[in-house]
Amino acid sequence: MSHASAAPRRYSYLGPAGTFTEAALRQVPEAEGQVWNPVDNLGEALNDVVTGASDAAMIAIENSIDGGVTVAQDALATIPGLRIIGEYLVPVRFVLVARPGTALSDVSVVAGHPVAYGQCRAWLDGAAPTHRHLVATSNVQAAADLFDPTKGVDAAIAPPGIEAHYDVEVLAEGIAENPDAVTRFVLVSRSVPVGEPTGADKTSLMVELPEDRPGALLDLLEQFAARGVNLTLLASRPIGDRMGRYRFVIDAEGHVKDERVADALLGVKRFSPKVSFLGSYPRADRVAATIRDLHDDDTFRDARDWLRGVIEGTRDGEA
Ligand SMILES: O=C(O)C(=O)Cc1ccccc1
């Protein structure tokens with residue numbers, strides 16, 4: 001894609017500058033030198049894409065510790081016309097910061113993004129047992145909240161390097177439970193034609209199951225298993241209309257233009273009352289899917305050619 005003479009592309013991301021979401025956007029070569037629009041929440045970021053105010057939005061979708069960012073999964077399931085066009089991984093670490101001169105023993109109100117707080121809670125319970133959590137809109141906004149006197153914040157959970165953006169002192173480093181936590185982000189645009197397979201791709205779907213059909217989940221999984229398609233994520237989320245109804249959030253290895261994935265999707269579509277295709281995109285770790293001969297593109301094409309030949313009378317029943 002070249003946009004040399006076109007208007008600059010606009011990217012919305014959870015701000016302010018310095019968030020992990022911004023670090024994810026920095027991994028997008030096409031975004032360099034374009035307009036970056038910091039927003040306060042996921043809804044705003046996706047709304048910018050829907051209305052055309054931005055061309056794409058970077059959003060956190062899954063954490064290696066807590067699993068799916070459910071608000072993001074639900075938004076992608078319910079807002080029509082969106083496509084995931086890229087995936088990015090960012091290692092996440094946290095520090096506790098405060099205004100200069102604050103001691104850990106002075107800390108009673110801690111600002112933190114809810115996902116960050118969840119990961120740092122065990123440490124905080126030990127170091128500041130009487131603390132109270134105040135929700136911040138992002139990891140960097142938590143530090144900014146230290147300077148808003150109406151909020152009464154004593155300390156903030158923030159990304160390392162936050163001292164470059166705000167006049168804060170680091171009270172403690174490495175406060176998250178798991179030092180190897182990684183967050184997966186996706187770049188979302190309005191619906192666009194899918195790109196070409198790279199050999200290391202993922203396909204994201206939301207699937208509803210037919211009601212009152214025993215084994216429907218097994219039927220769903222079988223569509224992938226029979227075509228040798230590995231799943232990297234399977235989660236269920238309440239549809240929300242009434243108790244007991246769920247949609248399945250699925251990430252599958254491979255690209256919709258890979259024969260085995262296309263065939264699996266056709267199988268899913270035949271029995272599911274609702275399938276939303278969210279996109280096929282290069283996977284962040286660039287790890288190629290392992291495909292056995294039985295499931296490679298040529299095998300699917302050969303089988304189709306054989307069937308056509310049988311119907312046209314140019315081939316008999318030989319395999
Ligand atoms: O991008 C950020 O910095 C955020 O505030 C969202 C977030 C929260 C926790 C882990 C990764 C991203």
Margin query: As a quick check of understanding, evaluate side-chain contact (heavy atoms from CB on, under 4.5 Å) for E253 and T232, giving each step before the final call.
Written below: CA-CA 7 Å; E253 278 185 357; T232 57; 3.7 Å; yes
Keeping the roles fixed (side chain from D106, backbone from A103), state whether a donor-acceptor pair exists under 3.5 Å. yes
Membership question, hydrophobic clusters at under 4.5 Å side-chain separation (ILVMFWY): are L278 and V50 in the same one?
yes
Without swapping roles, check the side chain of H295 against the backbone of A226 for a donor-acceptor pair under 3.5 Å. yes
Looking only at heavy atoms, the pair that brings A45 and A57 closest together is O-CB, 3.6 Å
- Please lay out, stage by stage, how I59 and V186 fare under the test side-chain contact (heavy atoms from CB on, under 4.5 Å). CA-CA 6 Å; I59 63 169; V186 289; 3.7 Å; yes
Would you be so kind as to tabulate the donor-acceptor pairs closer than 3.5 Å made by side chains of residues 89-100, with sequence neighbours excluded?
residue: R93; atom: NH1; partner: P179; partner atom: O; Å: 2.5
residue: R99; atom: NH1; partner: L146; partner atom: O; Å: 2.5
residue: R99; atom: NH1; partner: V153; partner atom: O; Å: 3.0
residue: R99; atom: NH2; partner: V153; partner atom: O; Å: 3.4

- For the side chain of H255 and the backbone of G195, is there at least one donor-acceptor N/O pair under 3.5 Å apart? yes
Check: Is there a donor-acceptor pair closer than 3.5 Å between any side-chain N or O of S280 and the backbone N or O of V256?
Finding: yes
Legend entry - Backbone N/O of S108 and side chain of D154: donor-acceptor pair under 3.5 Å: yes
message = So F271 and L209, do their side chains get closer than 4.5 Å, heavy atoms only?
response = yes
Tightest non-hydrogen contact, residues I157 and A116, listed as CG2-CB, 4.0 Å
| Are the charged groups of D298 and R301 less than 4.0 angstrom apart, N to O? | yes
L233 with V182, same ILVMFWY side-chain cluster at under 4.5 Å: no
Pair D251 + R283, salt bridge at N-O below 4.0 Å: no
Worksheet item: Are Q223 and V229 side-chain neighbours, meaning at least one heavy-atom pair lies under 4.5 Å?
Response: no
Residues 117-129 vs side-chain hydrogen bond (donor to acceptor under 3.5 Å, both in side chains), sequence neighbours excluded, gives N63-Q119, Y117-H131
Heavy-atom closest pair (G254 atom, T203 atom, distance to 0.1 Å) is O-OG1, 2.7 Å
- Would you call E22 and V140 a side-chain contact if the rule is heavy atoms closer than 4.5 Å? no
Tell me if the CD atom of E173 is crowded by more than 12 foreign heavy atoms within 6.0 Å.
no
Find out whether L205 and F248 are in side-chain contact, i.e. whether some heavy atom of one side chain is under 4.5 Å from a heavy atom of the other.
no
Pairing donors with acceptors under 3.5 angstrom, does anything connect the side chains of T299 and D296? yes
Query raised in the report: Would you call F277 and K269 a side-chain contact if the rule is heavy atoms closer than 4.5 Å?
Result: no
ask   = Are the side chain of S272 and the backbone N or O of V268 linked by a donor-acceptor pair below 3.5 Å?
value = no
Query raised in the report: Is any side-chain heavy atom of I84 less than 4.5 Å from a side-chain heavy atom of L76?
Result: yes
Salt bridge or not for R9 and E30, using N-O below 4.0 Å? no
task: Begin from the C-alpha positions of N41 and T137 and carry the test side-chain hydrogen bond (donor to acceptor under 3.5 Å, both in side chains) through to its verdict.
output: CA-CA 7 Å; N41 59 57; T137 54; over 6 Å; no
*Spell out, yes or no, whether I79 and Y281 are grouped together once hydrophobic residues are joined by side-chain heavy atoms under 4.5 Å, including indirect joins.*
yes
Practice prompt. State, with a plain yes or no, whether a side-chain heavy atom of V69 is found less than 4.5 Å away from one of T183.
Written response: no
Other residues, nucleotides, ligands: >12 heavy atoms within 6.0 Å of E211 CD | yes
Test side-chain contact (heavy atoms from CB on, under 4.5 Å), reference F185, set V28, I61, T21, output is T21
Interatomic distance, CG@L124 vs CG@L104, rounded to 0.5 Å, equals 8.5 Å
Distance col, row L218:CG vs E222:CD, nearest 0.5 angstrom, shows 5.5 Å
When rounded to the nearest 0.5 Å, the distance separating CD of E62 from CD of Q73 is 7.5 Å
Next item on the list: Give the C-alpha distance, both sets of side-chain angles, the deciding distance and a yes or no for side-chain contact (heavy atoms from CB on, under 4.5 Å) between M58 and Y11.
Entry: CA-CA 7 Å; M58 184 65 82; Y11 292 85; over 6 Å; no
Fill in: Exam field: side chain D74 to backbone A72, donor-acceptor pair closer than 3.5 Å
no
Looking only at the side chains, is there a donor atom on one of Q141 and D145 sitting less than 3.5 Å from an acceptor on the other?
yes
OG of S276 to CD1 of I250, rounded to nearest 0.5 Å, is 11.0 Å
Do V192 and L187 share a hydrophobic cluster, counting only Ile, Leu, Val, Met, Phe, Trp and Tyr and linking them when any side-chain heavy atoms are less than 4.5 Å apart?
yes
Taking the six-membered ring for Trp, are Y166 and F147 parallel (under 30°), tilted (30 to 60°) or perpendicular (over 60°)? parallel
Rounded to the nearest 0.5 Å, the CG atom of L220 sits from the CD atom of E208 at a distance of 12.0 Å
- Task: Using a 4.5 Å cut-off on heavy atoms from C-beta on, say whether the side chain of D219 contacts that of R213.
- Result: yes
### Message
Take a 6.0 Å sphere around CZ of R245 and say whether it holds more than 12 heavy atoms from other residues, nucleotides or ligands.
### Response
yes
- Message: Run V110 and H133 through side-chain contact (heavy atoms from CB on, under 4.5 Å) and show every step you take.
- Response: CA-CA 5 Å; V110 178; H133 172 216; 5.6 Å; no
hydrophobic_cluster_shared for V49 and W36, side chain cutoff 4.5 Å: no
Do NZ/NE/NH1/NH2 and the carboxylate oxygens of D263 and R304 come within less than 4.0 Å? no
Side chain N139, main chain T19, donor-acceptor under 3.5 Å: no
query = Given D201 and K257, is the salt bridge (charged side-chain N to carboxylate O under 4.0 Å, His left out) satisfied, shown in steps?
reply = CA-CA 10 Å; D201 306 288; K257 291 186 183 173; over 6 Å; no
For F224 and A264 the tightest heavy-atom approach is CD2-CB, 4.1 Å
What one should report as the nearest heavy-atom pair of G15 and P38 is CA-CB, 3.9 Å
d(L42 CG, L14 CG) to nearest 0.5 Å is 8.5 Å
A156 and A142 have their tightest heavy-atom pair at CB-O, 3.3 Å
